[in-house]
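Lettering follows sequence order; numbering is per chain, from 1. Since the structure is predicted, the reported quantities are computational estimates derived from the model, not experimental observations.
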2 protein chains.
Amino acid sequence: MKNRLKVLRAERDWTQAQLAQQLEVSRQTVNAIEKGKFDPSLPLAFKVARLFELSIEEIFQDETTA
Amino acid sequence: MKNRLKVLRAERDWTQAQLAQQLEVSRQTVNAIEKGKFDPSLPLAFKVARLFELSIEEIFQDETTA
DNA sequence: ACAAAAAGTCAAGTATATTTTACAAAAAGA
DNA sequence: TCTTTTTGTAAAATATACTTGACTTTTTGT
């Protein structure tokens, strides 16, 4: 799952720690999601979308071919 | 997390088992999600959205106030 | 160059999503 | 009513998301 977190964060000049705090998750979680280590849960994806005022689809891109 | 799965399924006259098969998950998973027992993973939410040709937001509604 | 801040990573633990098997309850069809 | 299909549910096992704590590497600022 690709995502635009890094860019969205950069546009706002936020650190991973600051983003994590707003999402109420750990900094490591933000880092892991940004680096594609795992996908966020659906509730967290909604929280991210709400924070950036974008749709989930505008932030996370599914890459499954099937 | 509320969702419109039951209605979307009814509109297409699909059983939970048929939907599960198309999503490549177990029937119990479809049932549990429909009944709100747990939220789907983000990849599964994307798969559901793709199947119904709707956005994730049109199918799943976040209910967190915060 | 140096110091501080930010980002990356790892291990171990907890929480939640999903599977399989099995059975009970409800709905649908004859 | 009887039978079949569908739905609901539960327990136990596995997979993945997420946490905390700690440490290293990279970036930023002076």
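By the neighbour-count criterion of 12 heavy atoms within 6.0 Å, atom CD of B/E53 is sparsely surrounded, having that number or fewer from other residues, nucleotides or ligands. Within 6.0 Å of CD on A/Q21 lie no more than 12 heavy atoms contributed by other residues, nucleotides or ligands.
If you take CZ of B/F60 and P of C/dA17, they are 12 Å apart, rounded to a whole angstrom. In this structure, A/F38 atom CZ and D/dT19 atom P are separated by 8 Å, rounded to whole Å. C/dA7 atom C1' lies 18 Å from atom CH2 of A/W14, rounded to whole Å. The interatomic distance linking B/D39 (CG) with D/dT16 (P) rounds to 18 Å, in whole Å. For the pair A/K47 NZ and D/dC18 P, the computed distance is 11 Å after rounding to whole Å. Rounded to an integer number of Å, the gap from CG of A/L5 to P of C/dG8 is 12 Å. Atom pair B/L42:CG and C/dT18:P shows a separation of 10 Å (rounding to whole Å applied). Atom P of nucleotide C/dA17 and atom CG of B/N3 are separated by 13 Å, given to the nearest angstrom.
Closest to the side chain of B/I33, out of C/dT18, C/dA22, D/dA17, is C/dT18. Taking only side-chain atoms of A/S26, from C-beta outward, the nucleotide of D/dT9, D/dT19, C/dG8 with the closest atom is D/dT19. When distances run from any side-chain atom of A/K35 to the nucleotides C/dT18, C/dT9, D/dC18, the shortest one goes to C/dT9. Taking every side-chain heavy atom of B/P40 into account, C/dT18 is the closest of D/dC23, C/dT18, D/dG8. Nearest nucleotide to the B/E34 side chain, out of C/dT18, C/dA6, D/dG8: D/dG8.
Of the residues A/D39, A/V48, A/L54, the one that meets the side-chain contact (heavy atoms from CB on, under 4.5 Å) test with A/F60 is A/V48.
Between B/Q16 and A/V30, the residue whose closest nucleotide on DNA chain D is further toward the 5' end is B/Q16.
Of the side-chain N and O atoms in B/N31, one or more sit less than 4.0 angstrom from OP1 or OP2 of D/dG8. Within the 4.0 Å cut-off from OP1 or OP2 of D/dC18, not a single side-chain nitrogen or oxygen of A/K37 is found. At least one side-chain nitrogen or oxygen of A/R9 sits closer than 4.0 Å to the OP1 or OP2 atom of C/dA7. Contact between the side-chain N/O atoms of B/T29 and the OP1/OP2 oxygens of C/dT19 is found at a separation under 4.0 Å. Contact between the side-chain N/O atoms of A/S41 and the OP1/OP2 oxygens of C/dT16 is not found at any separation under 4.0 Å.
The main-chain N or O of B/W14 is found under 3.5 Å from a side-chain atom of B/R9 such that the two form a donor-acceptor pair. A donor-acceptor contact shorter than 3.5 Å links the side chain of B/N3 to the backbone of B/I33.
The base of D/dG21 sits with one of its N or O atoms less than 3.5 Å from a complementary donor or acceptor on the side chain of A/Q28.
Searching all strands for a Watson-Crick or G-U wobble partner of C/dG29 with both distances below 3.5 Å returns D/dC2. With both pairing distances under 3.5 Å, D/dT30 is matched to C/dA1 as a Watson-Crick or G-U wobble pair.
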Practice item. Show your working on side-chain contact (heavy atoms from CB on, under 4.5 Å) between A/E57 and B/E57 and close with a plain yes or no. Key: CA-CA 9 Å; A/E57 287 85 350; B/E57 287 86 351; 2.8 Å; yes
